[in-house]
There are 2 protein chains.
Amino acid sequence: MSALKGDARLPRYQRLAEALRDEVVSRRWRAGEQIPSENVIAEQYGVAPGTARQALAQLVDEGLLERQHGRGTFVRRPSFDQSLFRFFRFSNEAGERVVPESRIVQREVMSAPSEVSRQLQLAEGAEVIFMNRLRLIDGVPILAEQIWLPAARFAPFMALDTAEIGPLLYPVYDSECGEVVARADESLTVEMVTPPYARILHVEENTPLIVIDRLARGFDGSPIEWRRSRGPAAQFKYQTEIR
Amino acid sequence: MSALKGDARLPRYQRLAEALRDEVVSRRWRAGEQIPSENVIAEQYGVAPGTARQALAQLVDEGLLERQHGRGTFVRRPSFDQSLFRFFRFSNEAGERVVPESRIVQREVMSAPSEVSRQLQLAEGAEVIFMNRLRLIDGVPILAEQIWLPAARFAPFMALDTAEIGPLLYPVYDSECGEVVARADESLTVEMVTPPYARILHVEENTPLIVIDRLARGFDGSPIEWRRSRGPAAQFKYQTEIR
DNA sequence: GAGTGGTCTAGACCACTTC
DNA sequence: AAGTGGTCTAGACCACTCC
């Protein structure tokens, strides 16, 4: 039986949640894996089963765990790499909704521009991996992405063949570099297209673009990747429910 | 002690939640009011206190109730009338963030345009109240709203002096017409400004606008109001966290 | 001090999945 | 049948608010 750590004035279920969260964050419990049952956890940490339930419920709420009745409790696989497409409606020539292909057109190590070093919390001019990536449907570019990674933590990534990397980057970050993206902050704005992007995205001058900035973070909130994506505003539609 | 209604195969806490939800929806419990304590509810419905807690927790989660430690449980006041400003950054001449004034520049009863009757689930050409409203800062228009209401349910609204109506409409719908807005579906798109809006919003030709469509609904999901708001895309910034 | 919600216990029984 | 999570009970004690 392990003792609960942390401030003893905090509720037990919160201290237990913190302990379990650490199992996930430290990757002792891997994505997709089953974790011990609530009774086992309760016994291990010396709390009542109801208290263990409460801790588990909190972690489900945070999106760290998933519970399946009769099967068990599992570490959730984060998977929002495709989630840019919440903001756009793209369809192919046949009118079907499709997931665009990905093409990395540039990848190099460079000194971080000031905004990038600020976002990634790196020293001014620290080394970063920069990528230029296109998303295409039927071979036509419809989204342009600039992606920056801290070079220090992503050295293995540079060894990969860019042509071999699929459309989902985050699973690659996980498997190759041990960096797990758990959440992200996004910010949307509108700008008028500049000549280079007009050429890349096959749009006229004077058309508006949606610009999506995303700072991807690990479980502990530390910045992992910063990207800026641009797509034609005509394709943009965002739906949400408020209350 | 009241018996729990509904399908007996459903969990008790869900049937209890349904019963309590009905108290709010039917306005027997009014916005802001304190409701009975969990022990009283548990006794009234013949369930254990823990089961009552579970039902209350669900309604808090749904946004219907609020609990305050040591004070009691209260019916939440829905208040997202100002929430358009999640999407825009507006400041006055002094650079401070401010809540814009409101001016109803037109209000009349008309036959519903087809999209409006579709959204509000009315018969084709049913009578609706139409309003043109401006939001201004330092007297300068920065947001133009078109608002439609089903005339049948909002007759008392037409009797009000438009100059007396403040910036928040939903509390007025509630107090004057007994219509409570509980949630809303919003949809954002981008369009190029048309000459009338260029004049109203004091922007150049060829600037993009953000268009926000909002369908406001009651507790039971029935449509109450449909509005379309337009503002300059340059002022637009939407931030969100995903996971 | 009385009343409220928040935490915690130690069970029982049920529903679902897997073997 | 065994193991899992989901529901439910009947309490105890604590922390907070209000009078």
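To find a chain, count down the sequence lines: A is the first, B the second, and so on, and within it residues start at 1. Just so we're clear, the structure is a prediction, and the values are computed from it rather than from any experiment. These numbers come from the heavy atoms of this one structure, side chains and all, not from hydrogens, waters or symmetry mates.
A sub-4.0 Å separation between OP1 or OP2 of C:dG5 and a side-chain N or O of B:Thr73 is present. Distances shown here put every side-chain N or O of A:Arg71 at or beyond 4.0 Å from the OP1 or OP2 atom of D:dG3.
Projected onto DNA chain C by closest heavy-atom contact, A:Gly70 and A:Pro49 fall at different nucleotides, the more 5' of which corresponds to A:Pro49.
Atom-to-atom, CD of A:Gln34 to P of D:dG3 comes out at 13 Å; the value is rounded to the nearest Å. In this entry the distance linking CG of B:Leu65 with P of C:dG5 reads 11 Å, nearest Å. Protein atom CG of B:Leu16 is 15 Å distant from nucleotide atom C1' of D:dT9, rounded to whole Å. Rounded to whole Å, the distance from CD on A:Glu33 to C1' on D:dT4 is 18 Å.
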Nucleotides 6-8 of chain D: which of its N/O atoms have a protein N/O under 3.5 Å away?
residue, atom, partner, partner atom, Å
D:dG6, OP2, A:Arg53, NH2, 3.2
D:dG6, OP2, A:Arg67, NH1, 3.4
D:dT7, OP1, B:Tyr13, OH, 2.8
D:dC8, OP1, B:Arg12, N, 2.4
D:dC8, OP2, B:Arg12, N, 3.1
D:dC8, OP2, B:Tyr13, N, 3.1

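Qualifying ring-ring contact (aromatic ring centres under 6.0 Å, His included) partners for B:Tyr238, counting only residues two or more places apart in sequence or in other chains: A:Tyr238, B:Phe87. For B:Phe219, the ring-ring contact (aromatic ring centres under 6.0 Å, His included) test picks out no residue, with sequence neighbours left out. Residues forming a salt bridge (Lys or Arg N to Asp or Glu O under 4.0 Å) with B:Arg228 (at least two apart in sequence, or on another chain): B:Glu115, B:Asp213.
Residues in residues 61-70 of chain B take part in these salt bridge (Lys or Arg N to Asp or Glu O under 4.0 Å) pairs, two or more places apart or across chains: B:Arg21-B:Glu62, B:Glu38-B:Arg67. Each salt bridge (Lys or Arg N to Asp or Glu O under 4.0 Å) pair with one or both residues in residues 154-177 of chain B, not counting sequence neighbours, appears once here: B:Arg27-B:Asp174.
In this structure, a donor-acceptor pair under 3.5 Å is absent between the side chains of B:Thr51 and B:Arg12.
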